[in-house]
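Take this structure first; my questions come after.
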Amino acid sequence: MNFREKLRILVAKPGLDGHDRGARIIARAYSDAGFEVVYTGLHQTPEQIVAAALQEDVDLIGLSCLSGAHMTLFKRVIELLKKDGAEEITVVGGGIIPEEDIPKLKEAGVKEIFLPGTSLDTILNWTRSNVKPRA
Amino acid sequence: MFTEETLGHVRKGRKEWDKEVQETFRQKPERKERFSTVSDLEIKRIYTPEDIKGLDFARDIGYPGMFPFTRGCQPTMYRGREWTMRMFSGLGSAEDTNKRWHLLLREGETGLSTAFDFPTLMGYDTDSPRALGECGKCGVAIDTLRDLQILTDRIPLDSVTTSMTINPPASILWAMYLVVAEKCGVSWDKIGGTIQNDMLKEFIAQKTFMLPPEPSVKLISDTIEFGTKYVPTWNTVSISGYHIREAGSTAVQELAFTLADGIAYVQDVIERKKLDVDSFAPRLSFFFNSHLDFFEEIAKFRAARRMWAKIMKDKFKAKDPRSWWMRFHTQTAGCSLTAQQPYNNVVRTATEALAAVLGGTQSLHTNSLDETLALPSESAAMIALRTQQIICDEIGVTDTIDPLAGSYFVESLTNQIEEEAWEYINKIDDLGGMIVAIDKGFPQMEIAKAAYHYQRQIDKGEKVLVGVNKYVVEEEAPPEILKISDELGKEQIGRLNEVKRTRDNRSVIRKLNDLRAASKTDKNLMPYVIEVVREYGTEQEICDVWREVFGEYRDPGFY
């Protein structure tokens, strides 16, 4: 069994949304903080994201969506992870997400939602305390 | 600008003042060690005639409506006519958006601007698997001519101008608009408006791309040529810095990359279409962001006009003064708004709008206070429109032209931004032009660096965002926001199916085949696109032809 010290993180942009400023800043912040980062690039289907997560053997998927399609797309990613028996991969999200959607997303299995204005340190600290490298 | 004698007095006074400053420092230091703009340009303690002593009034400032256009592109500016109040709006279905448009026009808006949903922006119909969950979410869904007919219902196309923020499928939406005008009995020389149609900034920043850069630029040149010949008062491209800035660039990068994109388009039309520069250059239009830093923005707008005038006159040898002018639309900075204490966004938008007006914009969109939460609600959009009306009619800033000209600070900052923007433009030239630079990831990485730097400054508190890193309050009640129903997609697919059932499918296929054949040649494709949309061919049917012929561009995923 492989034991890894470093967290592996997939930063992903589901759907057709092109707003990638946040996702790219997060990818860079994770990378600067010493995590191993894979960024999918834009316009990924949930299927492509889950395939990338499995192939890259990541511990955390960070989904970013600013188009309003988060309810459909985030839930679809979780569904597909379950289908592939990979629900131990932590999923978090960020973007333009109304407060009232957050409980619904968490119920669906998204571990945390980071809203606009969240500092990078908050996200890094949350990640360090809540995600451990999978064995 | 100043005699040696005046400068002598200035220097003498400066020495005395510097002593005063040193005295003051003994009691208390300044609030910060370094003062800088939002884009991190260092700002001096004070500006004096010394800072603009090299300025030549006729060469560098001059008069509005005349070269180098620093002071504005029309001779009388807002004394003659106020800017066009053009609120970017699109939500849900074509009916919903049409209703919002009529409300805004009733309340004094003077031009229309369309926000499309992501499937429309990316060349997919609502029934595509790629469109899952997106229908109507961040703009209006348009699949066929039928939707555009509903969208423009009871809009007087011969008196209201319409802007459409659309890029890879720009020629398709424009073709739909042309056919709607035709069906309403309005001839093409009577309609006015803008298609954004600026693909280079898509690769750089906004990221709604479809085809690789080369065919993307070819399609743009087709529209410019077609407009020049048949739709003479349409702006066939809106060369946009807005999205470059939203992606996190500095003001200088926004300006430089936008002008470099403009240079690439002009070059392409001249080389590919063999058109005389003066035949199309007067219809080129621009689109900028107005961010938080008040003077930096004003200086950027003034520098932009002066630089474009020089580019057109000196580099492209344009002779018509209307080819030298830069007309531009401005939108206040969406990325400057905060989800925290959202009512504060009204104030941010107001000062950004004021900077755009003092910078001489031709049209303006003001963001709504709730845009970091959802699409604008009706009441939020109304406050945003009223903001422009208050600036226009109540506070006196439109009574004289370019009131900040001659300010030691503003003129010096205008020069500084211009100089730094030229450095970028020269660098892109050295790389082999913008298309090559994009291929190398140069503008993308410069922006990514700037965006990361700014975020770090906010995290460290070096740049203040009220409600985010200063004056933070807990527990806020969020304002009422607009929700777009997930059911909308089903209704839209229903309409699309209905259109497909009732149109002449054989004719659609024939016209699509004509388009495919023409796409493999260097013919202008606009007439072929018009033929397809007239027969109710869908947006995606056309885009699929192009994806097949030209291939698709994939995001290289730089970060």
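Only a predicted model underlies this, so the values are computations on that prediction, with no experimental measurement involved.
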- Query: At a heavy-atom separation under 4.5 Å, does B:Leu373 approach chain A through its side chain, its backbone, both, or neither?
  - Reply: backbone
- For A:Lys132, all residues meeting salt bridge (charged side-chain N to carboxylate O under 4.0 Å, His left out), sequence neighbours excluded: none
- Item | For chain B, the option from A:Pro98, A:Gly18, A:Gly15, A:Gly95 that forms the most heavy-atom pairs under 4.5 Å | A:Gly18
- Task: Go through the atoms of A:Ala29 and report whether side chain, backbone, both or neither lie under 4.5 Å from a heavy atom of chain B.
- Result: both
- Cut-off 4.5 Å, heavy atoms of chain A, and the answer for B:Ala448 is both
- Message: Is A:Leu73 close to chain B through its backbone or its side chain, or both, or neither, when contacts mean heavy atoms under 4.5 Å?
- Response: side chain
- Item | Close approach to chain B in residues 81-92 of chain A, criterion heavy atom under 4.5 Å | none
- With only heavy atoms counted, which part of A:Val37 is less than 4.5 Å from chain B, the side chain, the backbone, both or neither? both
- Assign the ring pair B:Phe442 / B:Phe257 to parallel, tilted or perpendicular, where the plane angle (0 to 90°) is split at 30° and 60°. perpendicular
- Query: In terms of heavy-atom proximity below 4.5 Å to chain A, should B:Pro129 be classed as side chain, backbone, both, or neither?
  - Reply: neither
Pairs of donor and acceptor atoms under 3.5 Å between chain A and chain B, please, with atom names and distances.
unit_1	atom_1	unit_2	atom_2	d
A:Leu16	N	B:Glu134	OE2	2.9
A:Asp20	OD2	B:Lys207	NZ	2.6
A:Arg21	NH1	B:Glu246	O	2.9
A:Arg24	NH1	B:Phe558	O	3.1
A:Asp32	OD2	B:Tyr452	OH	3.0
A:Leu42	N	B:Asp555	OD2	2.6
A:His43	O	B:Arg130	NH2	2.8
A:His43	NE2	B:Lys207	O	3.1
A:Ser67	OG	B:Glu134	OE1	2.8
A:Asp101	OD1	B:Lys483	NZ	3.2
A:Asp101	OD2	B:Lys483	NZ	3.4
A:Pro116	O	B:Gln340	NE2	2.8
A:Leu120	N	B:Asp459	OD2	3.0

- Item | Region of B:Ala451 in contact with chain A, defined by heavy-atom distances below 4.5 Å | both
- Query: In terms of heavy-atom pairs under 4.5 Å, which option from A:Ala27, A:Ala23, A:Gly41 contacts chain B the most?
  - Reply: A:Ala27
